[in-house]
Asks: 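Next up is a structure, given as structure tokens.
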Amino acid sequence: MKLDAGLVFMSDTRTNSGVDNISTFRKMHTFCKPGDRFITIMTAGNLATTQTVMSTLAERNKAPEDRNPTILSAPSMFRVAQIIGELLRETIRERELTGLNAETTFNATLIVGGQINGMEPRLFMIYPEGNFIEASDDTPFFQIGETKYGRPILVRGFQPDMSFESATKLLMVSFDSTMAANLSVALPLDMLILPKDRFEPLQQRRIAADDPYFSKISTGWSDALRAAFYSLPDYVIE
């Protein structure tokens, strides 16, 4: 989510390949160069593909002079998105050539956001083909994975000048609505708030199943929806 004040990220941790194979894996990854840049990547799709992409990016950053291109030396966030998109496309192509011949078996989608010193914060969504789009005033937030249940909450509640606290609450409501309708999304959630021109998180934390604030949000949202429904004019059958 791109706000006037910076960027806010939230992801769940559930992965599954059927109801009998459900696991917890981190889908939010960060890369930083203190005082110069902070980059966050969130993943959805084939777990082997996304782990390969993340591991390759991390390996390049260990010895960038030998493993270019590295996102920690890229001149802009646009170039960061290009590097990650190219790597994603190559990873999927290699797996398709050596594995099952299924069009979407190895597909993955990424959200990449961050800021490089001297430039504005930027947010991108990267498709399996390696191409990407950037967040704008018309499209100020991106979703990947299971999007349909939580999207109406974001569309109706988002304001670019909202505070980080309000944005966090909005994202929690969106995730709660998704989890109520889809078992493939579940707690714990990972959250990161990146203020503009700070280059380090204002807050980065995991929201567990026993988190008291999230519990209040979940219960309060359900009660509010019920109250709103019964406050509407009654339909009369004549």
Side-chain angles (χ1 to χ4, degrees), residues 1-14 25-34 36-44 50 54 71 77-78 80-81 84 109-117 119-126 132-179 185-208 211-218 220-221:
M1 187 180 283
K2 184 179 180 182
L3 306 173
D4 293 343
L7 302 172
V8 184
F9 304 88
M10 190 174 288
S11 63
D12 82 315
T13 53
R14 172 165 290 188
F25 284 92
R26 181 176 293 275
K27 300 178 186 178
M28 183 186 296
H29 309 267
T30 61
F31 299 84
C32 70
K33 192 174 182 181
D36 178 71
R37 66 189 62 200
F38 194 96
I39 300 166
T40 300
I41 305 173
M42 296 194 297
T43 65
T50 57
M54 292 299 101
I71 60 176
M77 282 301 301
F78 182 85
V80 168
I84 296 171
T109 309
L110 310 178
I111 290 175
V112 178
Q115 185 179 12
I116 295 175
N117 197 0
M119 304 179 189
E120 289 293 308
R122 300 177 76 174
L123 184 67
F124 302 88
M125 181 164 67
I126 303 178
F132 52 85
I133 58 175
E134 183 173 3
S136 64
D137 292 341
D138 294 325
T139 308
F141 59 83
F142 290 133
Q143 295 172 280
I144 52 177
E146 295 294 339
T147 63
K148 53 186 177 290
Y149 301 108
R151 181 173 177 78
I153 308 298
L154 301 180
V155 170
R156 292 189 174 191
F158 177 86
Q159 295 291 332
D161 60 350
M162 67 196 314
S163 66
F164 287 130
E165 291 84 357
S166 294
T168 299
K169 180 165 61 174
L170 182 64
L171 285 170
M172 286 188 179
V173 171
S174 178
F175 266 94
D176 180 69
S177 299
T178 301
M179 288 187 289
V185 180
L187 293 162
L189 306 176
D190 288 319
M191 183 191 73
L192 189 148
I193 299 172
L194 183 64
K196 184 177 180 180
D197 298 328
R198 178 171 171 137
F199 309 110
E200 64 178 359
L202 174 64
Q203 187 175 73
Q204 184 175 7
R205 60 182 290 255
R206 175 158 285 193
I207 301 162
D211 186 89
Y213 180 74
F214 188 85
S215 297
K216 289 180 181 178
I217 289 294
S218 181
W221 181 245

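Remember, it's a predicted structure, so these values are computed and weren't measured experimentally.
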Asks: Ignoring hydrogens and geometry, is there a side-chain-to-backbone donor-acceptor pair from Gln115 to Asp197 under 3.5 Å?
Replies: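 Yes, because the side chain of Gln115 sits within donor-acceptor range (under 3.5 Å) of the backbone of Asp197.
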
Asks: Out of the candidates Ile217, Leu187, Val185, Ile207, only one should pair with Phe175 under the side chain to side chain contact (heavy atoms under 4.5 Å, CB included) rule; please name it.
Replies: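 With Phe175 as partner, Ile217, Leu187, Val185, Ile207 yield a single side chain to side chain contact (heavy atoms under 4.5 Å, CB included), made by Val185.
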
Asks: Measure from the side-chain N and O atoms of Asp36 to the backbone N and O of Asn117, and report whether any donor-acceptor pair falls under 3.5 Å.
Replies: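 Side chain of Asp36 to backbone of Asn117: no pair is present.
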
Asks: With no hydrogens and no angle check, is any side-chain donor or acceptor of Ser218 less than 3.5 Å from a backbone partner on Asp176?
Replies: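 No.
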
Asks: Sort out for me which residue in Arg26, Lys27, Arg205 forms a salt bridge (charged side-chain N to carboxylate O under 4.0 Å, His left out) with Asp190.
Replies: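 The passing option is Arg26.
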
Asks: Do any N or O atoms from the side chain of Ser174 and from the backbone of Ile153 form a donor-acceptor pair under 3.5 angstrom?
Replies: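 Flag not set: sc Ser174 to bb Ile153 has no pair under 3.5 Å.
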
Asks: Can you measure from CE (Met77) to CD (Glu134) and round to the nearest 0.5 angstrom?
Replies: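 It comes to 9.0 Å.
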
Asks: To the nearest 0.5 Å, how far apart are CG in Leu7 and CG in Leu192?
Replies: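 One gets 9.0 Å once the value is rounded to the nearest 0.5 Å.
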
Asks: How far apart are the closest heavy atoms of Met1 and Phe141, and which atoms are they?
Replies: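 Scanning both residues completely, I find the closest heavy atoms to be CA-CB, 4.0 Å.
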
Asks: Let me confirm one number: the CG-OG1 distance from Leu189 to Thr168, rounded to the nearest 0.5 Å.
Replies: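 That separation rounds to 11.5 Å.
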
Asks: Any donor-acceptor pair under 3.5 Å linking the side chain of Ser215 with the backbone of Asp211?
Replies: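 Checking the backbone N and O of Asp211 against the side chain of Ser215, a donor-acceptor pair under 3.5 Å is found.
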
Asks: Return yes if some donor-acceptor pair links the side-chain N/O of Ser177 with the main-chain N/O of Val173 below 3.5 Å, else return no.
Replies: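 A pair under 3.5 Å: yes.
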
Asks: Which heavy-atom pair separates Gln143 from Gly150 by the least distance, and what is that distance?
Replies: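 Result for this residue pair: NE2-C, 3.9 Å.
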
